[in-house]
Each structure stands twice: as C-alpha cells, then as structure tokens.
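Here is the structure we will look at, set down as structure tokens.
Note that the numbering runs from 1 along the sequence shown for the chain.
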Amino acid sequence: MSAQTLVYGTIDDALVFIDRDLAQELALLRTGIGTWSQARELLPPRRWQDIVERLEGWEKEPPAPAEPFDLSQIPGYDDGDWPEWPAQLMLDWMPPELIARFGRSTASVLNGDFLDIAAQHEAALVTVLEGAGWTCIKDNALVRTVSGYDPGDRDTEPDVDRPGL
C-alpha cells in the first residue's frame with residue numbers, strides 16, 4: 001500500500017488503522033444504506049458485484065429493491081468473514097518492521113490472524129507512519145463502525161481530529 005491517508009482509533013485498548021477511502025466505504029456499507037436499491041446505487045460497482053457473487057454462490061438472488069438492506073442476508077457476514085476486518089487488513093499493508101516493533105500477529109478463534117497493537121504505542125506509531133509519508137487522522141467512532149462495533153460504545157479516549165471525513 002502506498003503512502004496515503006489512514007484513519008485510526010482504539011478498540012479494546014488496541015490500535016486499528018485503515019485506509020480512509022476504504023473506511024468510508026465500509027461505513028456506508030454498515031450504516032448508510034436503507035434499501036437494496038440504495039445499496040446498488042451507492043456502493044462502488046466492485047462492492048456491489050461482490051455482494052451479488054456472494055448471493056449467487058449460495059444460489060440466492062438479491063432481495064427486491066425496496067426491501068430493507070440487511071447485511072446478515074449476505075453470505076459470510078454472520079460468520080465474520082465479510083466485509084473486511086480492518087485489524088486483519090493491517091497485516092497486509094503495515095511494514096513488517098513496524099509489526100515487529102509495535103504489535104504482533106494474533107490468531108482469532110474463527111477468522112484468521114489479525115494485527116494487535118497496544119494503544120500505548122499510539123504516539124510513536126503515528127509518528128513513524130507520518131514520517132514514512134502516511135497522513136494519520138484519529139477517528140474512534142469511524143474505526144469502531146467499520147470494525148463492526150457500535151460507535152457509541154467508545155473507549156475512554158474521545159475522538160480528535162476529524163478533518164475531511
């Protein structure tokens with residue numbers, strides 16, 4: 001992943017970083033769609049195609065356009081296999097030397113490995129990432145939402161810095 005804008009926040013005393021564009025897409029997917037018709041209109045074409053292929057893989061058709069959009073109707077959602085899990089995605093783009101220095105790959109019971117970075121490393125890791133060309137914007141609510149958590153169940157630290165989101 002080339003240097004870009006990341007949003008980050010804490011979940012259960014662990015830091016989670018995600019590309020801002022992907023975070024906005026996942027937030028829309030998880031909270032911003034009322035009907036299946038809106039899903040088709042608002043989601044990027046590749047995301048909509050992914051949903052259709054998942055449904056077809058289970059020999060299902062997308063629900064009627066006027067029906068309420070419900071992620072649990074999409075195969076993989078209830079199992080935690082879809083959509084992307086930001087803490088797991090970090091293993092794909094974060095440089096190995098930063099993983100070794102600040103975190104560790106941890107196995108989940110069902111969904112594979114994810115990157116676990118203690119919140120105490122926030123200032124140091126943000127400094128290193130920004131020094132490498134990334135822009136880091138803290139947004140606990142957005143990170144919680146895109147990770148499948150209720151954004152209202154915040155850790156003790158409040159959000160700061162929400163420019164351009």
Note, D116 side chain near F114 side chain (heavy atom, < 4.5 Å): yes
Check: T35 main-chain N/O paired with Q38 side-chain donor or acceptor under 3.5 Å: yes
Salt-bridge contact D50-R54 (side-chain N to carboxylate O under 4.0 Å): yes
Heavy-atom side-chain proximity of F102 to L15 below 4.5 angstrom: no
E97 atom CD, over 12 foreign heavy atoms within 6.0 Å: yes
Selection residues 22-62 - residue pairs positive for ring pair (Phe, Tyr, Trp, His ring centres under 6.0 Å), sequence neighbours left out: W36-F69
Flag side-chain contact, heavy atom, 4.5 Å: T135 against Q4: no
Short side-chain donor-acceptor distance under 3.5 Å, D113 and Q88: no
S108 (side chain) donor-acceptor with G112 (main chain) under 3.5 angstrom: yes
Heavy-atom side-chain proximity of S37 to E41 below 4.5 angstrom: yes
Residue pair Y8 / N140, side-chain heavy-atom distance below 4.5 Å: no
Linked, directly or transitively: I11 and W85 (ILVMFWY side chains, under 4.5 Å): no
Connected via hydrophobic side-chain network under 4.5 Å: V16 and I137: yes
Candidates T145, I51, L42, V146 - the one meeting side chain to side chain contact (heavy atoms under 4.5 Å, CB included) with L29: I51
Distance-only polar pair, side chains of W93 and D19, donor-acceptor under 3.5 Å: no
Carboxylate-amine/guanidinium contact R47 E84, below 4.0 Å: yes
Close side-chain approach of V126 to W134, heavy-atom, < 4.5 Å: no
Salt bridge R30-E25, side-chain N to carboxylate O under 4.0 Å: no
